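Data block below; observations after.
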There are 2 protein chains.
Amino acid sequence: MAIDPTDPRSPSRQIADELREEITSGRLAPGDALPSEKMLVGRFGTAPATARQAVRLLKEEGLVVAERGKGVYVKRQPPTIRLGSHRFSRQTRAEGKSAFEAEIERQGLEWGQEVLELAEVPAPEWVAEWLGVDAGATVFVRRRRNLVGDTPTQLADSYYRLDTVEDTAIRTPDTGPGGSYARLEEKGLTLERFREEIRIRMPTPTEVQGLRLTPGTPVAELRRIAFGASGPLEVLESVVSGDSHVFCYEFAAPE
Amino acid sequence: MAIDPTDPRSPSRQIADELREEITSGRLAPGDALPSEKMLVGRFGTAPATARQAVRLLKEEGLVVAERGKGVYVKRQPPTIRLGSHRFSRQTRAEGKSAFEAEIERQGLEWGQEVLELAEVPAPEWVAEWLGVDAGATVFVRRRRNLVGDTPTQLADSYYRLDTVEDTAIRTPDTGPGGSYARLEEKGLTLERFREEIRIRMPTPTEVQGLRLTPGTPVAELRRIAFGASGPLEVLESVVSGDSHVFCYEFAAPE
DNA sequence: CAGTGGTCTAGACCACCCA
DNA sequence: GGGTGGTCTAGACCACTGC
């Protein structure tokens, strides 16, 4: 219960390990408050800063969240959003839903989107390469933020060649039923296959703010390229909060 | 250059933002040393603990690594390992290589594996569900650690029904050429399709140790189920270090 | 041996939440 | 107003590195 000075672990580690054990064992359930800093000082007999250090370790592990003026709580698991390879089905678009929208509603959650920016910009290097345009060429970008309930979960930037989105609702705030993929197919640009890459990292401060992330929450960076018959149609970069998403893929055994 | 007391950002944030800008702008390149704590104290005129706090923020973002007794360095990007849906090709197995092995060698990297445990254990709940056995039924598990060069990059546990691996080299330390999937196919258990789920989180202390992770490095938890004609053949859980892996999937537009 | 980061002590003030 | 966490000051000792 108290600090063991003969233990090779530092006092703050001992406190953190003790608290972590209480969390993983379930004695402290999600939503429960951790003992306050002062209680920890009383219980373990250390200086306040040492107790703080212990709590900080747990925050870095993503096990607990601090709420200003209230206390430190065991993190609750937010509802898990499944992002699967089946979400780009043409049938879904025919029903007037975008890929993301369909995925959320399938799970009985509320959906929302904010368009942050519609602009013509010079293509970032990897976008140019994937879209098959010259480095620095002008492309059209749709930046938006997806919400589940009222919490933002994704920042998504879609890039298009200018001729691809010419005279389409993709250039306007509301892309209409079925989303931008439906608009492309209306134009005769059939989506044939997709390629996705997932990278994992800690968020930048901007992303922490934009996604309302708690400290200790990593993010996934998803890059997708959508191919039509004649080449790439859309390149997407999306940053999604790690604690509320699962990526799912199914595929046949290749030869 | 110095701290601005009228700035709404706290002093440690200001220092962190300044250093981050030097890193992202390239004035501090990967491998370069950050100014030492004492230098920061001199430059910004704060107490040592404030400078430390700034450096800690950058560590949590995964931008820098501290080396005891030496200094704090801008993180180098480790070689990126691509884990793609094409890695389970039968052709690869015919060449005597396992999925992981093939992926690494394709990129000209050195490969290694340590078998940590071979055992019969009660199935964890999700494994039982995916393998289609009763909760708590006995299953066979292969726990191993994959190395690229001499750095561990993956912890992988494969679970099998007992009858699936009966009289196969899968129960022995060396599964032989082509890995365990080759052994299954020799037995007439053809792999037909795969399902993968990727979750993102911060590592546990055990994983930090096992994968030699630096603070601020998230991990991906990969769960895979390999299906044969008659049902699931293998369930795998793998924890991979986030800073050295990219997951890649390609798929056709579903109906 | 000097310099580095890792940890700790023992306080202080502030902003925030809730009763 | 009392409790909470967030941040800061101003030191201290230790273990480790590299010379």
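Just so it is clear, the model here is predicted, and its values are computed rather than measured. We name chains A, B, ... by the order of the sequence lines, and we start the count at 1 in each one.
- Side-chain N/O atoms of B:Y159 and B:E237 include no donor and acceptor closer than 3.5 Å.
- Remark: B:S36 is not in phosphate contact with C:dG3, judged by side-chain N or O atoms under 4.0 Å from OP1 or OP2.
- Looking only at side-chain heavy atoms (C-beta outward), B:K75 and B:T217 come within less than 4.5 Å of each other.
- Within the nucleic acid shown, A:A49 comes within 4.0 Å of at least one base atom, counting heavy atoms only.
- Put simply, A:T50 has a side-chain N or O that comes within less than 4.0 Å of OP1 or OP2 on C:dT9.
- If you check every strand for non-hydrogen atoms under 4.0 Å, B:P11 touches sugar and phosphate atoms only.
- Put simply, B:K70 has a side-chain N or O that comes within less than 4.0 Å of OP1 or OP2 on D:dG18.
- Remark: A:R52 is in phosphate contact with D:dG6, judged by side-chain N or O atoms under 4.0 Å from OP1 or OP2.
- Contact annotation: B:S10 side-chain N/O to D:dG6 OP1/OP2 distance is not under 4.0 Å.
- Between B:S12 and B:A54 the shortest heavy-atom distance is O-CB, 3.4 Å.
- Using a 4.0 Å heavy-atom cutoff across all strands shown, B:V72 reaches sugar-phosphate atoms only and no base atom.
- When the side-chain nitrogen and oxygen atoms of B:S12 are compared with OP1 and OP2 of D:dC8, one or more of them lie within a distance under 4.0 Å.
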